[in-house]
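To find a chain, count down the sequence lines: A is the first, B the second, and so on, and within it residues start at 1.
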Amino acid sequence: MSEPERAFINARLIDPAQELDTNGSLLVRDGKIAAIGTEIEIPDTAETLDCTGLAILPGLIDMQVFTGEPGEEHRETLATASHAAAAGGVTHMVVMPNTTPAIDDAALVDFISRRARGTATVRVHPMAAITKNCEGQTMTEFGLLREAGAVAFTDGDRAVMNALTMRRALSYASNFDALIVQHALDQDLQSAGVMHEGELATRLGLTGIPVAAETAIIDRDIRLVELTGARYHIHQISSGESVEAVRQAKARGLAVSCGVSAAHLMLNENDVENYRTFAKLNPPLRSEDDRLALVDGLADGTIDIVVSGHNPQDAEAKRQPFAQAAYGTVGVETLLSVLLSLHNAHGLDLATLIRAVTGNPARLLDIDGGTLRAGAYADFALVDLEAPWIVDADALQSKSKNAAIEGRKLQGKVEACFVNGHSVFDSKMETTK
Amino acid sequence: MTSSALNFTFPFRDLLGIEGLSASDITNLLDLADTYVDLNRQIDKKTDVLRGRTQINLFFESSTRTQSSFELAGKRLGADVMNMSVSSSALNKGETLLDTAVTLNAMNPDLLVIRHGDSGAVALLAQKVSCAVLNAGDGAHEHPTQALLDALTIRRRLGKLSGLKIAICGDITHSRVARSNLLLLNAMGAQVNLVGPRTLIPADAERLGANIFHSMREGLEDCDIVMMLRIQNERMQGALIPSVREYYHLYGLNREKLGFAKPNAMVMHPGPMNRGAEIDSELADDTEISLIRDQVEMGVAVRMAALEALAANLPNMMQSGGTC
């Protein structure tokens with residue numbers, strides 16, 4: 001009862017995991033990639049799609065997506081997030097556990113997986129909480145949570161503040177070789193801070209968040225990683241000093257890795273001018289020097305991962321005085337376009353950028369994906385690498401429209417997306433809808 | 001006194017801050033305020049410049065002084081003035097800040113005077129209403145009429161602003177008064193020293209165009225004016241400074257510390273004062289040295305000028321002339 005084979009021909013095939021960047025064809029059979037390359041044999045029975053002018057990329061793995069499910073479905077459900085993801089070529093969403101209730105129990109991991117299978121159009125991988133209710137106190141059952149399908153452990157958008165709790169979590173996680181993922185922001189140093197500490201915050205009369213609020217946690221955790229030998233990852237770093245701290249830790253051979261958000265690669269603190277709450281992010285957008293250091297850190301491999309940090313907020317939560325407004329931006333749909341824009345406009349190496357959203361997160365989280373190898377699941381995106389477009393928040397698929405990069409010109413757009421060989425997004429169908 | 005056409009154009013719909021005002025905008029407002037100082041000293045203080053206009057004072061943070069000053073200013077110009085104090089509990093009932101704005105806007109006010117505890121909140125509200133908005137203080141951001149009244153006080157006493165050296169002392173971090181004054185005094189060619197302990201000076205303050213000092217001796221040297229800021233009690237219980245006693249010892253203004261400034265230097269304070277915390281009580285009351293009472297008087301005049309300047313830009317201003 002197999003479906004007809006489908007051949008995507010005349011495409012540019014890009015798969016950093018195979019160091020592949022060539023023109024050729026991709027053959028899909030039974031939801032898997034049957035063959036890929038320049039000279040592959042296309043059976044006569046195969047349905048062929050001419051992809052001239054388009055590239056085929058592995059479906060992206062977005063390692064940090066917040067949804068409102070369970071608890072705040074008005075912001076985003078797994079289903080609506082998955083539609084946004086598919087439109088952005090993201091075939092794997094790693095969802096955060098700081099929901100209501102928090103994902104701190106094996107039954108809840110199972111709940112997310114079942115809801116995702118029933119409603120979402122892309123693959124969903126839950127991270128589970130490090131501590132009960134993400135409160136930073138009592139460790140969760142790492143062993144049971146892993147068996148239930150948790151790909152890593154994090155308290156979402158809260159740092160584990162207690163050093164002893166963190167030491168124990170790292171130590172216990174290393175039993176399973178599990179990955180502990182930190183939101184590196186010291187809550188005490190942050191205090192009432194809402195944006196990058198500096199001249200602009202002073203001028204706007206807003207309380208700043210010093211860079212040290214991030215580096216203090218990173219430096220502490222690196223010591224604890226040395227002590228425990230655990231695998232440790234930072235969701236998002238925001239400053240040049242953090243890049244340097246991670247660079248040194250890696251040079252010492254520690255199992256430390258980090259990510260950065262697409263927004264932080266494109267925007268800086270000046271985007272909050274005029275109290276623009278859409279640019280209120282956690283960690284905050286920092287100086288232009290910091291942004292450049294993040295871009296350099298990504299280029300030289302210090303930064304392993306680019307995430308969207310997709311955090312949908314309803315209009316009311318953002319239409320507030322800056323200090324009161326919610327943190328976060330949507331972004332799963334624009335993640336790839338931001339990266340392609342960095343390639344097109346600033347010459348960043350395309351393979352490095354793609355690796356940061358495919359092979360690298362697959363390796364860190366042990367996810368079966370992020371490559372176009374023969375035998376892999378047929379999860380991929382058809383992409384016009386250079387198509388220019390302007391981000392119109394209202395046109396985004398996400399239930400919430402809080403896009404920090406609203407109005408920005410991007411270059412590179414997803415035309416279609418496939419999971420298991422099935423179409424989950426087609427821009428042509430979207431426009432005729 | 002009857003209404004007279006404004007002899008300048010104020011090029012903004014709202015007065016949200018000093019930022020963006022030019023030296024001539026500021027001078028025009030101060031010149032107009034000067035005429036109201038004279039009026040306010042007469043027995044008949046009423047004009048009909050704002051006759052028929054509705055002014056709503058919307059205060060999300062309580063303030064007796066500023067609210068009554070705006071109320072008096074509006075009434076002396078002939079406007080109908082309504083005061084609304086919105087306690088934070090009202091907002092907690094579910095009505096959002098913007099709901100409040102939309103509700104008020106439907107009452108067709110001409111002038112909306114807003115104070116709010118959050119930086120940027122007044123600008124946010126201004127986007128949602130169709131009347132002219134005056135910022136009566138937003139968080140730690142701006143308090144433009146305070147800076148204007150301070151400037152008028154100084155100008156009337158010393159004859160100028162340009163070339164003066166002015167020390168602003170105390171809790172700079174949390175002070176909208178300090179920010180607006182710094183912007184205004186810089187625009188008018190005065191030199192500003194910000195003086196306070198490091199815990200009360202915000203990051204990169206020197207890049208806003210001020211000299212930063214952490215001792216009164218250095219910060220007050222050669223100053224014509226010493227402007228003291230109110231220090232709030234909750235910040236003096238070990239969080240940002242260890243105690244009132246230590247703060248007064250180091251930064252409280254008394255005659256001895258005033259001696260670091262120029263001879264005949266004058267003292268200002270936006271009020272309300274914490275006597276014995278940031279300023280010596282007897283010094284504050286010495287009218288030879290203290291301009292604090294003048295500041296209150298200038299406040300009404302400056303607010304009249306600001307209200308009139310904004311009202312002149314309102315549509316249908318000509319209708320009150322009745323020319324058919």
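Of all residues in residues 264-287 of chain A, those placing a non-hydrogen atom less than 4.5 angstrom from a non-hydrogen atom of chain B are A:Tyr275. By a heavy-atom distance cut of under 4.5 Å, A:Glu197, A:Gly198, A:Glu199, A:Thr202, A:Arg203, A:Leu204, A:Gly205, A:Leu206 are the residues of residues 191-221 of chain A near chain B, going up by number.
Between chain A and the options B:Gly117, B:Ala140, B:Ala205, heavy-atom pairs under 4.5 Å are most frequent for B:Ala140. If you tally non-hydrogen atom pairs under 4.5 Å between each of B:Ala203, B:Pro202, B:Gly139 and chain A, the highest count goes to B:Ala203.
Expressed to the nearest 0.5 Å, how far CG of B:Asp118 lies from CD of A:Gln320 amounts to 9.0 Å. The CG atom of B:Leu98 lies 7.0 Å from the CD atom of A:Glu316; values are rounded to the nearest 0.5 Å.
Heavy atoms of B:Arg207 lying under 4.5 Å from chain A belong to its backbone as well as its side chain. Interface remark: B:Glu206 contributes no atoms to any contact with chain A (heavy atom separation under 4.5 Å).
Residue A:Arg223 qualifies as open at atom CZ: its count of foreign heavy atoms under 6.0 Å is 12 or below.
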